[in-house]
Amino acid sequence: MSLRIAIIGGGTAGWMAANLLAHRWGAGKAQITLVEAPEIATIGVGEGSTPTLKRFFEVLGIAEEEWMPACCATYKAGIRFQGWSPASGVAQYSHPFLTQLDLHTEEAFTLNCGNRRLGLDVPTAPGDFLLGGVLAARGKAPLAPAHFPFRMEYGYHFDAALLGRFLRDCATAGGVTHHQAKVQDIIRDDLGAIAAVMTDRAGRIEADYFVDCTGFAALLMRGALDVPFVSFRSNMFNDAAVVLPTPAAAPVPVETTATALSHGWAWSIPLTNRNGNGYVFSTDFLTADAAEQELRATLGMLDSPVEARHLSFHTGQLARHWEQNCLAVGLAQGFVEPLEATALHLVLNTVDLFMDHLERGNFTPQYRDAFNAVITDRVERVRDYIVAHYKLNTRDDSDYWHANRDNDLLSDPLLHILDTWFRRGDLAALLARQPGLSHFTSASWNCLLAGYGAFPPLAEAQREDVDFYRSRDLARFLDGCSLNFPSHGDALAQMKKVAA
Ligand SMILES: Cc1cc2nc3c(=O)[nH]c(=O)nc-3n(C[C@H](O)[C@H](O)[C@H](O)COP(=O)(O)OP(=O)(O)OC[C@H]3O[C@@H](n4cnc5c(N)ncnc54)[C@H](O)[C@@H]3O)c2cc1C
């Protein structure tokens with residue numbers, strides 16, 4: 001008999017999980033059901049991705065022409081950070097996703113960062129060394145022509161509601177049974193596992209495995225199974241966001257912008273039909289009204305009748321992401337705040353790793369503890385990377401930024417990374433020694449630390465003989481490469497034509 005899997009929740013996480021499970025196990029190995037309560041809204045944000053979303057669609061065999069126009073999606077070559085470290089003289093920097101070509105320029109970037117850490121005056125702006133940064137600066141889509149010999153990595157911006165609908169249609173077409181019903185009760189068996197959920201419109205739904213995708217409610221994991229939640233609040237201060245759309249930008253940027261404001265930061269996410277904007281802040285330091293006013297002022301919308309949407313969230317993760325016969329995915333498993341847009345990336349990681357571990361254990365919970373250890377570590381390393389953005393800020397305009405800078409509750413792995421950087425040690429070697437596989441490589445850390453200008457003062461005596469890369473030489477090379485790529489506007493228009 002095939003495995004019965006019931007997914008509870010139809011947000012982006014629920015439908016992504018449904019597609020991945022159906023793709024890998026659908027034909028004969030598993031019967032998959034998804035239950036969602038239409039009267040409980042999805043969170044409705046989460047519109048930027050990492051390159052993991054590209055791999056997700058590749059695994060499912062869905063071409064960009066099929067899903068991007070349907071979701072008002074655009075390409076994302078990276079994130080531009082503005083105003084996070086003004087005191088070190090860096091007004092903004094670009095943190096591009098690394099492509100295969102960057103294997104050739106990354107060395108130059110790392111070498112220059114190393115020399116700058118010694119006090120030498122060498123260029124270190126990440127966007128000047130990495131192809132994605134150059135493409136973003138020139139408004140080019142990261143779409144390599146067939147003859148370009150390197151694989152491109154990039155993410156997307158998309159409308160979350162439209163993506164949810166698109167994924168729902170794919171999943172149901174792939175054999176997933178869909179019920180619109182509210183889970184009202186959760187029945188456990190004698191050993192404490194979940195035997196069934198009771199719904200208002202679809203009756204009793206039994207399964208061998210349940211996937212909790214009920215968002216922050218975590219109805220099954222926290223509500224029924226009592227799995228503790230480990231909060232990150234002590235070193236991640238943000239707990240709220242205010243969201244306001246503006247008309248689509250022209251030309252459409254190829255990167256997310258993350259701009260530091262008085263008590264947090266604002267995202268700008270370019271879609272084809274609108275621009276998504278939101279201010280992420282801490283209610284310990286700023287009221288929701290004041291945040292809305294500041295965002296409106298930033299967007300030139302002080303007198304606009306467009307209504308803002310307010311959200312609250314808590315950062316942290318479940319003590320165990322797989323408990324008994326239940327897996328948590330999406331906001332139900334935890335949240336690390338939206339900077340770096342890693343939530344959907346972790347959704348995809350979680351489902352993939354769950355399937356790997358379940359298969360490895362011959363569909364028994366044999367590797368449950370191993371799975372929990374891996375996911376917990378991944379979430380913590382993402383948290384560390386984001387915490388570093390706050391810890392390293394050099395803003396002086398509010399208590400919020402001072403408190404972030406004074407935050408001493410850093411994990412040991414993060415302390416080691418910062419210590420190695422400032423002691424001029426070998427970051428790549430340190431990261432290779434740290435257990436687990438972080439999404440953020442040593443190149444990502446170099447981007448962040450160099451982007452912030454986290455360097456010692458320049459040495460009085462500069463050396464002429466030192467080996468470093470001049471950005472002028474690289475600029476010529478990367479400029480030449482960029483000629484192969486279409487403008488973002490042309491790429492999106494062409495895709496729309498093909499889709500029609
Ligand atoms: C401010 C903010 C910005 C973000 N930005 C990004 C970003 O740029 N990139 C990124 O990757 N992520 C981002 N995220 C995270 C992202 O929004 C979520 O990870 C993603 O939307 C998945 O949400 P979800 O499906 O887990 O939960 P939800 O969207 O909340 O869905 C929960 C589902 O559970 C169902 N449900 C709840 N209770 C019941 C019940 N009793 N019975 C049946 N169904 C039930 C609801 O109907 C709904 O379908 C952001 C989050 C926030 C808060």
Side-chain angles (χ1 to χ4, degrees), residues 7-20 34-50 52-54 56-57 60 62 64-76 155-174 176 178-182 211 213-217 240-249 252 256 266-280 295 299 306-313 329-332 335 337-338 341-348 351 492 495-496 499:
I7 300 167
I8 315 300
T12 321
W15 287 117
M16 279 184 161
N19 276 284
L20 286 175
L34 186 145
V35 186
E36 63 166 329
E39 65 272 37
I40 304 177
T42 60
I43 189 136
V45 283
E47 307 201 313
S49 85
T50 66
T52 311
L53 190 63
K54 179 167 177 275
F56 168 74
F57 280 111
L60 296 183
I62 297 172
E64 290 180 340
E65 294 77 23
E66 284 179 65
W67 78 269
M68 284 185 69
C71 302
C72 298
T74 66
Y75 290 103
K76 174 178 172 186
Y156 305 97
H157 306 114
F158 48 84
D159 180 306
L162 296 177
L163 181 68
R165 255 172 261 163
F166 182 88
L167 294 174
R168 176 197 62 198
D169 293 346
C170 291
T172 50
V176 173
H178 179 202
H179 293 295
Q180 295 207 318
K182 184 174 176 186
V211 185
C213 294
T214 57
F216 284 125
V242 50
V243 182
L244 254 180
T246 47
V252 183
T256 298
W267 75 74
S268 167
I269 291 189
L271 310 183
T272 55
N273 63 336
R274 65 173 159 83
N275 209 70
N277 312 285
Y279 182 5
V280 182
L295 181 63
L299 298 172
V306 177
E307 283 198 14
R309 201 154 73 82
H310 288 266
L311 303 165
S312 57
F313 58 82
V329 178
L331 298 174
F335 184 51
E337 95 128 86
T342 47
L344 296 180
H345 164 86
L346 288 169
V347 163
L348 299 172
V351 179
L492 295 174
M495 169 137 18
K496 216 165 152 187

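Hydrogens, waters and symmetry mates are skipped; everything else that's a heavy atom, side chains included, is used. No experiment lies behind these values; they were computed from the predicted model shown.
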Between the CG atom in Leu34 and the CD1 atom in Ile8, the distance rounded to the nearest 0.5 Å is 7.5 Å
CD/Glu39: more than 12 non-hydrogen atoms of other groups inside 6.0 Å:
yes
Could you tell me the separation between the CZ atom of Phe158 and the CG atom of Leu53, rounded to the nearest 0.5 Å?
5.5 Å
For Ala160 and Gly46, work out which heavy atoms get closest and say how close.
CB-O, 3.9 Å
To the closest 0.5 Å, what do you measure between CD (Glu47) and OG1 (Thr74)?
10.0 Å
Phe56: which residues meet the ring pair (Phe, Tyr, Trp, His ring centres under 6.0 Å) condition with it, sequence neighbours left out?
none
Lys496 versus Thr272: any side-chain heavy-atom pair under 4.5 Å?
no
Heavy-atom closest pair (Trp267 atom, Gly276 atom, distance to 0.1 Å) is CD1-O, 3.5 Å
With rounding to the nearest 0.5 angstrom, report the OG to CG distance, Ser49 to Leu344.
7.5 Å
Walk me through whether Val351 and Val329 qualify under side-chain contact (heavy atoms from CB on, under 4.5 Å).
CA-CA 7 Å; Val351 179; Val329 178; 4.0 Å; yes
Nearest atoms (heavy-atom pairs only) where Leu162 meets Cys72
CD1-SG, 3.8 Å
Taking the side chain as everything from C-beta on, heavy atoms only, tell me whether Val280 gets closer than 4.5 Å to Phe313.
yes
Which atoms form the tightest heavy-atom contact between Ala171 and Ala18, and what is the distance?
CB-CB, 4.1 Å
Is the shortest heavy-atom distance from the side chain of Val306 to the side chain of Leu244 under 4.5 Å?
yes
If you compare all heavy atoms of Ala181 against all heavy atoms of Val35, which two are closest, and at what distance to 0.1 Å?
O-CG1, 3.3 Å
Asp159 side chain to Leu271 main-chain N or O, any donor-acceptor pair under 3.5 Å?
no
Flag, side chain of Asn275 to backbone of Thr246, donor-acceptor distance under 3.5 Å:
no
In terms of the angle between their ring planes, are Phe57 and Trp67 parallel, tilted or perpendicular, with boundaries placed at 30° and 60°?
parallel
Knowing that exactly one of His157, Lys54, Glu64 qualifies, which makes a side-chain hydrogen bond (donor to acceptor under 3.5 Å, both in side chains) with Tyr75?
Glu64
For residues 161-170, pull every pair meeting salt bridge (Lys or Arg N to Asp or Glu O under 4.0 Å), keeping only residues two or more places apart or in separate chains.
none
Between Pro69 and Met495, what is the shortest heavy-atom contact and its length?
CG-CG, 3.6 Å
Can you name the residues that form a ring pair (Phe, Tyr, Trp, His ring centres under 6.0 Å) with His179, not counting sequence neighbours?
none
Starting at CD1 of Ile269, measure out to NZ of Lys76 and round the result to the nearest 0.5 Å.
6.5 Å
Reported SG-to-CD1 distance for the pair Cys170 and Ile62, which is rounded to 0.5 angstrom
3.5 Å
